[in-house]
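All remarks here apply to the structure that follows.
We're numbering straight along the sequence, starting at 1.
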Amino acid sequence: MSEKVYHFGFGVNADYVKYAGILMTNLTELHPERRLCFHFACDGIEAGDQKRLAAFARRYRNVKIKIYDAAQRLDQLNPIRSDAPERLHRATLIRIILPELLPPQLERLVYMDVDMVCRQCLDELFTLKLEGCAVAAAEYPNEYREPALLGLTQERYFNAGLLVLDLQRWRSEGLTGRVLEFYQRFGNKLPLLDQDALNAVIDGNFLTLDKRYNFLVEANNLLMAVYPADTAVLHCINESKQWMAGCLPEISRLYWRYVRQSPWHELRPSEPATVKAAFLAATTAEINGETGQAIKYYLLVIDRFFEHYQSKNPDLLQAAREECLRAEAAKKQGDLALAARCYGMAASRLSKQYLLDNPEIMNRKK
């Protein structure tokens, strides 16, 4: 076994510890001949999860786990803005804080969001020369941001889901303090919070990482789940996560294989938490011939939008009602496939109108 230690970092709240543990299982299974150290910075952790992590370290002799309490440090920061999506909770700020929590002698860290699935080993990330940069990350277009606020002189923007960090350079440039200062001043105006703050401060001075190490997908969106064969890391962005019901089969099979090998093997798929996730879960279920599941999730979407448009757009609701009546008639005749199709038409009509009414929610990638 190589003596080189691969250091991985995660930032989670108590609800997300299990997802970090499953990613840890994923990484351990892909690197059986490497010494691994997982740095968990937590905004709370349950006693049961601590026991599971300890059991994991006993099971895998090449693994060490270090847990850091980030709650007190987070308490000192401005709260996440009230209109932020649920997935953007304050634990996302931990990626900024983590370098100051780590041992000062540590030089290289690969930080990963826990909504990632690893497909290939990551040896290259621990030998990569960062060419004087504190950060290596995958570059993505700067869509729907606040360019004037961020002040990106080089117009380069990265996704912060996977970061290769030169910790000595990070510290010498005082990046934790500088990024937190920017967040404290402008956090209530930043669509993607810490990711925007990181980009504003680093301002294009990062090493571009091949997108195969941070390939953005929506886990239950057929239009956004195609990836090259050499993709090393899938990043399940937005509301669609790999642990949710309705995930595309290829991603689901890969993810749940590691769930069953993890200390959280009893975990079951969670229900979609947003209208968009429910709609995507419904379309995936319909394509897979799971008509009962498709109808269930389409109805969730329809009910939510009926409530939203109750007094705003009666013509829209009338058209959707007619499609729902056709679906009900098909159900009575035992034609569930037709019923799912009709409910899908109603849900699609409502969803499209909502996107037209709220164009700013499109393409926010995190």
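Using a 4.5 Å heavy-atom threshold, the side chains of V135 and V164 count as separate.
Of the possible polar contacts, none joining the Q184 side chain to the L77 backbone as a donor-acceptor pair under 3.5 Å is found. Side-chain N or O atoms of T176 include one that pairs as donor or acceptor with a backbone N or O of I96 at under 3.5 Å. Looking at S252, its side chain never comes within 3.5 Å of a backbone N or O of P249 through a donor-acceptor pair. Here the side chain of D113 pairs no donor or acceptor atom with the backbone of D115 at under 3.5 angstrom. With hydrogens and angles disregarded, no donor-acceptor distance shorter than 3.5 Å links the side chain of R95 to the backbone of G9. Here the side chain of N313 pairs no donor or acceptor atom with the backbone of Y309 at under 3.5 angstrom. The closest donor-acceptor contact from the side chain of R119 to the backbone of T231 lies under 3.5 Å. A donor-acceptor pair under 3.5 Å links the side-chain atoms of R52 to the main chain of P263, judged by distance alone. Side-chain atoms of S240 never come within 3.5 Å of backbone atoms of C236 as a donor-acceptor pair (strictly under, hydrogens ignored). Checked by atom type and distance alone, the side chain of D203 pairs as donor or acceptor with a backbone atom of T153 at under 3.5 Å.
When all heavy atoms of Q195 and A160 are compared, the pair lying nearest together is OE1-N, 2.9 Å. Residues Q242 and V114 approach most closely at NE2-O, 3.7 Å, considering heavy atoms. Shown here for K66 and P103, the closest heavy-atom pair between the two residues is NZ-CG, 4.4 Å. A71 and D69 make their closest contact through N-OD1, 3.0 Å (heavy atoms, listed as atom of the first residue, atom of the second, distance). Here the closest non-hydrogen pair linking N13 and A91 is N-CB, 3.6 Å.
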Check: Do Y297 and F279 pass the ring-ring contact (aromatic ring centres under 6.0 Å, His included) test, and can you show the C-alpha distance, the side-chain angles, and the key distance before you say yes or no?
Finding: CA-CA 6 Å; Y297 293 129; F279 180 79; over 10 Å; no
Evaluate the side-chain hydrogen bond (donor to acceptor under 3.5 Å, both in side chains) criterion for residues Q154 and N205: first the C-alpha distance (whole Å), next the side-chain angles of each, then the deciding distance (0.1 Å), finally the verdict. CA-CA 9 Å; Q154 300 186 49; N205 294 313; 3.1 Å; yes
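A salt bridge is absent between K312 and D357; no separation between the charged side-chain nitrogens and carboxylate oxygens falls under 4.0 Å. A salt bridge is defined here as a Lys NZ or Arg NE, NH1 or NH2 lying under 4.0 Å from an Asp or Glu carboxylate O, and R73 with E100 meets this definition. Residues R108 and D166 are not paired through a salt bridge, judged by the lack of any N-O separation under 4.0 Å between the basic side chain and the carboxylate. Under a 4.0 Å N-O distance rule, the pair K189/D196 does not qualify as a salt bridge. Look at E218 and K276 and you find a salt bridge, because one of the NZ, NE, NH1 or NH2 atoms lies within 4.0 Å of a carboxylate O, short of that distance. Looking at E173 and R169, a side-chain N of the basic residue comes within less than 4.0 Å of a carboxylate O on the acidic one, giving a salt bridge.
Aromatic pair H39/F8: centroids not less than 6.0 angstrom apart. Between Y157 and Y140, the ring center distance fails the sub-6.0 Å criterion. Between Y258 and W264, the ring centre distance reaches or exceeds 6.0 Å.
Ring geometry, F182 versus F186: the interplanar angle falls from 30° to 60°, so the pair is classed tilted. Taking the six-membered ring where tryptophan is involved, the planes of Y6 and H31 are perpendicular, since the angle between them exceeds 60° and thus also 30°.
Under a hydrophobic-cluster definition in which Ile, Leu, Val, Met, Phe, Trp and Tyr are linked whenever side-chain heavy atoms come within less than 4.5 Å, directly or via other members, L350 and M345 are assigned to different clusters.
Surrounding CD of E271 are more than 12 heavy atoms belonging to other residues, nucleotides or ligands, all under 6.0 Å away. The number of heavy-atom neighbours closer than 6.0 Å to CZ of R304, taken from other residues, nucleotides and ligands shown, is 12 or below. More than 12 heavy atoms of other residues, nucleotides or ligands lie within 6.0 Å of CZ in R260, so this atom counts as buried by the packing criterion. Residue-environment remark: CD (E307) stays at or below the threshold of 12 foreign heavy atoms within 6.0 Å. For CD of Q72, the number of neighbouring non-hydrogen atoms (other residues, nucleotides, ligands) closer than 6.0 Å is 12 at most.
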